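Values below: all heavy atoms of this structure, side chains included; hydrogens, waters and symmetry mates excluded. This structure is a prediction, so every number in the text was calculated from the model and none was measured.
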Amino acid sequence: MLTFRGAAVGALLLATAGILATAPAAHPQPAPNGVHITADLKLSRQGVLEVVEQVEVPADGTFRMALPLRLKVGDDVERYFKVTDVDTKGDGTATVANDQFTIEAKPGTSTFTYSLHNLVNDAPGSQVFHWLGVMGSDIASISATLISPSFEMGIVDCKLGPPGNTRPCADVKTEVDGVLHLEQTDLRKGDAIDLTLQLPPGSVPSNADIRDTSNSGLFAITTPVLVAFGVLLVGLVGLVAFVLRARRRNDAAATGSETLDPLLRDGDRVQFTSPDGVLPGEAGLLLDEHVDPVDIAATVVDLAVRRYIWVTPLSDTDWRITRVNAPDDQLREYERAVYLALLPDGTDAVTITELRAPGRVQSGPVRSALLADAVSRGTFGNQRRPGLAIWLGGALILGGVAATIALAATSGHALVGVAIALAGVATVLVPKYLPVRTVHGLELTAQLRALQRGLETIRREQIPPIDQETVFSRALPFMVIGGRADNWIRAFRDLNPSADSQPGLYWFGGFDRDPNMHRFASHFPFFITAMEGIFAKAGDPHR
């Protein structure tokens with residue numbers, strides 16, 4: 001049996017148990033009926049050693065050779081070899097498994113053909129083969145020849161014998177045509193052959209596979225790992241840039257200086273209009289991306305303005321809300337939720353004091369309905385439903401875990417799988433840092449800001465008297481969500497709400513005899529504050 005340990009190459013003649021070295025060993029008796037090996041070797045111009053080896057085993061003998069394909073050649077340095085094109089004739093077998101090449105022969109004659117790769121490395125001014133072999137069994141004789149691409153092949157050093165008691169080889173030689181010959185008899189188990197051969201530089205490609213194992217292991221930092229994490233870093237930078245760009249665009253939607261005229265003129269008549277028919281509650285959600293109590297309070301005012309409910313002051317701290325018209329298909333789901341929170345089925349009127357009772361108003365469903373309305377109208381993205389990023393990220397995570405396991409069991413570049421999994425995690429997390437507004441939502445947000453700036457410029461005198469009360473009332477909820485209701489009421493404080501032959505405001509009682517809006521201006525903020533307090537009991541489901 002042969003056991004090989006390599007230094008620079010460690011495997012030139014792995015198949016021949018010391019084919020390129022020998023002097024007759026000083027043993028008194030030759031090994032009787034021993035194994036006889038005849039080998040023809042050729043080093044191709046590609047640096048591949050092509051071996052044809054014939055092994056003759058006596059009737060009562062066996063032959064086995066295990067050649068390691070991974071050899072330690074220094075501290076934290078290993079050398080790797082590869083065997084290909086394996087073929088056998090006779091009763092012999094040849095297998096490659098667990099980093100070693102094993103040949104076994106039964107009594108009789110067996111022929112083994114194979115190719116050895118990664119044998120050649122460069123040295124100063126030359127190329128070098130270095131082979132160290134230890135006999136694992138008695139070998140009766142070895143006869144071998146080696147042909148290389150260069151006739152200038154030379155023997156640098158050759159030693160033979162048991163470890164610690166070696167001697168120079170005496171009978172290994174090269175002919176003038178560059179063919180190396182070996183004839184050796186009577187090698188004993190435990191004898192070692194240490195041979196170094198030399199070729200002119202550039203004779204064949206330098207193909208030695210020598211690896212630094214200082215960071216070896218399943219999770220070693222290797223070139224594929226560095227490439228994978230490099231790609232991961234580039235991807236993360238791209239994701240961060242995408243998120244930052246989206247957030248800057250989102251923030252810019254609520255800024256600017258554009259003004260939108262909220263008044264739609266038709267001849268000598270004027271009416272208020274909002275972008276894309278946006279309602280106050282939806283507008284409040286779009287402007288700050290959160291469901292706030294003031295958004296719901298503005299919806300209550302809008303329901304009154306649209307004649308679904310009637311508000312009557314009872315005092316400076318209490319009001320009665322009365323049913324005027326039942327909810328119909330003109331109301332959206334979140335408006336219906338607001339209506340039913342105030343006046344559930346069977347209730348025709350309720351006071352603010354009654355609404356303040358613990359558990360009387362469930363504001364959570366109202367908030368959820370408002371958010372769902374924005375999603376259904378395409379102004380908000382649905383972050384609660386798995387989207388493309390979630391599916392893609394999940395696939396990357398699963399793929400990364402599978403790759404980590406597979407690579408750990410094979411090539412050892414397991415961190416490549418970790419990089420893939422991390423990319424999946426980043427992809428899954430991206431939606432959490434993206435704004436919830438969609439492209440359509442961003443456009444509407446910019447228009448709503450422009451609308452609010454436009455309302456700030458409106459003066460009562462710009463509106464025909466017949467339309468002043470309607471425009472004032474329709475626009476009031478939009479000023480409520482911006483915290484500018486007092487300014488809007490102040491702009492219309494000299495409006496006579498009874499000028500249209502109907503006493504007072506048509507949706508808010510208590511000031512029917514007032515010739516102007518002065519008392520209403522001082523009273524209305526208390527009502528808004530009260531409504532905000534009622535709907536401030538549940539958190540924003542979006543947050």
With a 4.5 Å cut-off on side-chain heavy atoms, are [Y] and [X] touching?
X: L451; Y: D261; value: no
X: W507; Y: I309; value: no
X: R449; Y: L287; value: yes
X: T299; Y: E335; value: yes
X: V416; Y: T404; value: no
X: L69; Y: K82; value: no
X: P201; Y: D122; value: no
X: L264; Y: V270; value: no

Locate the shortest heavy-atom distance separating [X] from [Y]; write the atom from each residue and the value.
X: G47; Y: P205; value: N-CD, 3.9 Å
X: G284; Y: D295; value: CA-OD1, 3.3 Å
X: S473; Y: V305; value: O-CG2, 3.4 Å
X: I481; Y: A298; value: CG2-CB, 3.4 Å
X: R367; Y: P293; value: NH2-CG, 3.7 Å
X: L239; Y: A426; value: CD1-CB, 4.1 Å

Around atom [atom1] of [X], are there more than 12 heavy atoms from other residues, nucleotides or ligands closer than 6.0 Å?
X: D328; atom1: CG; value: yes
X: F229; atom1: CZ; value: yes
X: R460; atom1: CZ; value: yes

Next on the checklist: Does L343 form a side-chain contact (heavy atoms from CB on, under 4.5 Å) with D348? I'd like the steps, not just the answer.
Outcome noted: CA-CA 6 Å; L343 299 170; D348 291 326; over 6 Å; no
Item to check | Identified side chain to side chain contact (heavy atoms under 4.5 Å, CB included) counterpart of M531 within the set V301, V480, L342 | outcome: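 When side chain to side chain contact (heavy atoms under 4.5 Å, CB included) is applied between M531 and each of V301, V480, L342, only L342 qualifies.
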Next on the checklist: Using side-chain contact (heavy atoms from CB on, under 4.5 Å), reason through E78 and I210 one step at a time and then give a plain yes or no.
Outcome noted: CA-CA 6 Å; E78 289 186 347; I210 301 174; over 6 Å; no
Side chain of [X], backbone of [Y]: donor and acceptor closer than 3.5 Å?
X: N207; Y: V120; answer: yes
X: T438; Y: G381; answer: no
X: R453; Y: E258; answer: yes
X: T322; Y: A349; answer: no
X: S376; Y: D373; answer: yes
X: D288; Y: H290; answer: yes
X: W488; Y: F472; answer: yes
X: R269; Y: I466; answer: no
X: R356; Y: A530; answer: no
X: Y80; Y: A208; answer: no

Establish, from distance only, whether the side-chain atoms of [X] and [Y] form a donor-acceptor pair under 3.5 Å.
X: R437; Y: T445; result: yes
X: E289; Y: N250; result: yes
X: R490; Y: N487; result: yes
X: H518; Y: D494; result: yes
X: D302; Y: Y308; result: no

Item to check | Residues S206, N121; criterion side-chain hydrogen bond (donor to acceptor under 3.5 Å, both in side chains); working and verdict | outcome: CA-CA 5 Å; S206 179; N121 68 294; over 6 Å; no
Item to check | Intermediate values then yes/no, side-chain contact (heavy atoms from CB on, under 4.5 Å), R249 and L442 | outcome: CA-CA 8 Å; R249 183 181 180 188; L442 290 174; 3.8 Å; yes
Next on the checklist: Quick check for you: to the nearest 0.5 Å, what is the distance between Y334 atom OH and Y339 atom OH?
Outcome noted: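 Separation between the atoms: 16.0 Å.
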Item to check | Interatomic distance, S368 atom OG to E333 atom CD [nearest 0.5 angstrom] | outcome: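 One finds 13.0 Å between OG of S368 and CD of E333.
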Checklist entry - Given the rule in the side-chain contact (heavy atoms from CB on, under 4.5 Å) test, do R332 and L279 qualify, once you have shown the distances and angles that lead to the verdict? => result CA-CA 10 Å; R332 297 188 194 168; L279 296 174; 3.7 Å; yes
Next on the checklist: Would you say the ring centers of F101 and F81 fall short of 6.0 Å from each other?
Outcome noted: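 Not close enough - the centres of the two rings lie 6.0 Å or further apart.
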Checklist entry - Does R360 come within less than 4.0 Å of E354, counting only side-chain N to carboxylate O? => result no
Next on the checklist: Looking at R247 and D251, is there a salt bridge between them, counting it only when a charged N and a carboxylate O are closer than 4.0 Å?
Outcome noted: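 Looking at D251 and R247, the cut-off is not met.
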Checklist entry - Taking the six-membered ring for Trp, are F511 and F508 parallel (under 30°), tilted (30 to 60°) or perpendicular (over 60°)? => result parallel
